[in-house]
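These notes are about the structure you will find just below.
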Amino acid sequence: MVHNFNAGPSILPHTVFEEASQAILNFNNTGLSILEIGHRTALFEEVLNEAVSLVKELMHLDENKEVLFLHGGASTQFFQLPMNYLSKDKKAAYLDAGVWGSKAIKEAKRFGQVDVVASSKDKNYTYIPKDYAVPHEAAYFHYTTNNTIEGTQMQSIPSLSMPLVADMSSDILSREMDFNRFSFIYAGAQKNIGAAGVNLVVIDKKFLDKSSSAIPSMMDYKQHVANGSMLNTPPVFAIYVCLLTLRWLKKSGGVAAIEKVNLQKSNLLYNTLEAIPLFQLPVAKEDRSHMNAVFTMNNEALEQKFLQQCKDAQMIGIKGHRSVGGFRVSMYNALPLSSVEVLVELVKDFAKQHG
Ligand code: PMP
């Protein structure tokens, strides 16, 4: 059995792979493939409507929220958002706590003023900045809830008066949160929601009212909402995979239930690593991510040996991001606890051999 610790695209439930395969061959016993049905048919409308209502249910969204499935991955939101809300005389506030957040900042600067309220770049983004002031005139405050590359995660929602915007690409639906406190949430699907190629967007109606209409239609949130994510041909198959994953999550007990398993997985791994001096945990303890655990060894030859042993034991995706080095273990919703248990045994054996 392969243990898939990939950072994204990453593991999805096996039942989702089976059901998605079946839908390619014969979708809902129609004799048609999901790949050949029109997006404006009742068949696909049902898929989209169910996916939207499952998102609302699983996130406990109130009636002021609109749910969209948009093209382009999370990186498109890095510029689509400021395109809608900024101009030369308008300002947004950003927290710079990781590589993905810094890319969002770079794109926002093309459209308006950007106030970077705090940064942890000085320490390679190994912590989340805590003390900062946000200018009250900011059109919004943007942050990344989970920094996929560096393995940090914001543990609470900032208490601020301006609209909150969050990139939740790598921890959406992994833990209970008051999602209604956000004016805008976006997440590339390829970690906890489904297949790459689609982006989940949740937007508050009041915030939607303030978006620009003087931009290309495909960038205009109001048009996407008015057309129910069907302004053009949506990524039909990717949305279908999202629906299957959302159904699986609901069947597994929803976000609260998966959060318990996610905590078991990350606690098991962190507690094991903490007890072994051979491994270092560079991230500030209170900011550790429950989705992506980053750790290192002060010995490159041993690092290579550890990676080889992981490979031999069919554990994949453990090599750290090229900008951080060391190891990164991604433990998204679909990763079973048993995969972390197998890894932890290997970690302990390795420490016995080399400690
Ligand atoms: N934000 C975060 C937090 C991410 O982890 C990623 C991708 N791993 C992105 C944005 C970019 O996503 P995409 O490749 O879908 O554009």
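Hydrogens, waters and symmetry mates play no part in the numbers below; they use all other heavy atoms, side chains included. Note that ligands are numbered from 1 as they come in the structure, with each ligand's atoms numbered from 1 the same way. A quick note: this is a predicted structure, and the numbers were derived from the prediction, not measured.
Heavy-atom separations between Asn146 and ligand 1 include at least one value shorter than 4.0 Å. Residue Lys191 places a heavy atom under 4.0 Å from ligand 1. Judged by the shortest distance from any of its heavy atoms, Gln190 lies inside the 4.0 Å radius around the atoms of ligand 1.
Taking only nitrogen or oxygen atoms, main chain and side chain alike, Thr76 does not reach within less than 3.5 Å of ligand 1. Taking distance alone, with nitrogen or oxygen atoms compared against 3.5 Å, Ser75 approaches ligand 1 more closely than that limit. Checking only distances, Gly188 never comes within under 3.5 Å of ligand 1, N or O to N or O. For the pair Ser170 and ligand 1, the shortest N or O to N or O distance does not fall below 3.5 Å.
The nearest pair of heavy atoms linking Lys265 to Val340 is O-CG1, 3.6 Å.
Contacts between Thr144 and ligand 1, counted as non-hydrogen atom pairs separated by less than 4.0 Å, involve the side chain only. Contact annotation for Ser169 and ligand 1: only side-chain heavy atoms (C-beta onward) come within less than 4.0 Å of the ligand.
Per-residue contacts place Ala74 under 4.0 angstrom from the following atoms of ligand 1 (heavy atoms of the residue considered): 9 (C), 10 (C), 11 (C), 12 (O), 13 (P), 15 (O), 16 (O).
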For residues 266-280, tabulate all N or O donor-acceptor pairs below 3.5 Å that involve a side-chain atom, not counting sequence neighbours.
| from | atom 1 | to | atom 2 | distance (Å) |
| --- | --- | --- | --- | --- |
| Ser266 | OG | Asn262 | O | 3.2 |
| Ser266 | OG | Leu263 | O | 3.4 |
| Ser266 | OG | His290 | ND1 | 2.8 |
| Asn267 | ND2 | Leu263 | O | 3.2 |
| Tyr270 | OH | Ser289 | O | 2.6 |
| Asn271 | ND2 | Asn267 | O | 3.1 |
| Thr272 | OG1 | Leu268 | O | 2.6 |
| Glu274 | OE2 | Lys285 | NZ | 3.1 |
| Glu274 | OE2 | Arg288 | NH1 | 3.1 |
| Glu274 | OE2 | Arg288 | NH2 | 3.1 |
| Gln280 | OE1 | Asn298 | N | 3.3 |
| Gln280 | NE2 | Pro277 | O | 3.3 |

Side-chain donor-acceptor pairs under 3.5 Å in residues 127-135, sequence neighbours left out?
| from | atom 1 | to | atom 2 | distance (Å) |
| --- | --- | --- | --- | --- |
| Tyr127 | OH | Asp122 | OD1 | 3.1 |
| Lys130 | NZ | Ile128 | O | 2.7 |
| Lys130 | NZ | Asp287 | OD1 | 3.1 |
| Lys130 | NZ | Asp287 | OD2 | 2.9 |

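Look at Arg247 and Glu50 and you find a salt bridge, because one of the NZ, NE, NH1 or NH2 atoms lies within 4.0 Å of a carboxylate O, short of that distance. Using a 4.0 Å cut-off between a side-chain N of Lys or Arg and a carboxylate O of Asp or Glu, Lys205 and Asp209 do not qualify as a salt bridge.
Aromatic ring orientation, Tyr140 versus Tyr94: perpendicular (interplanar angle above 60°, classes split at 30° and 60°).
In this structure, Lys251 forms no cation-pi arrangement with Trp248, as its terminal cationic atom is not both closer than 6.0 Å to the ring centre and no more than 45° off the ring axis.
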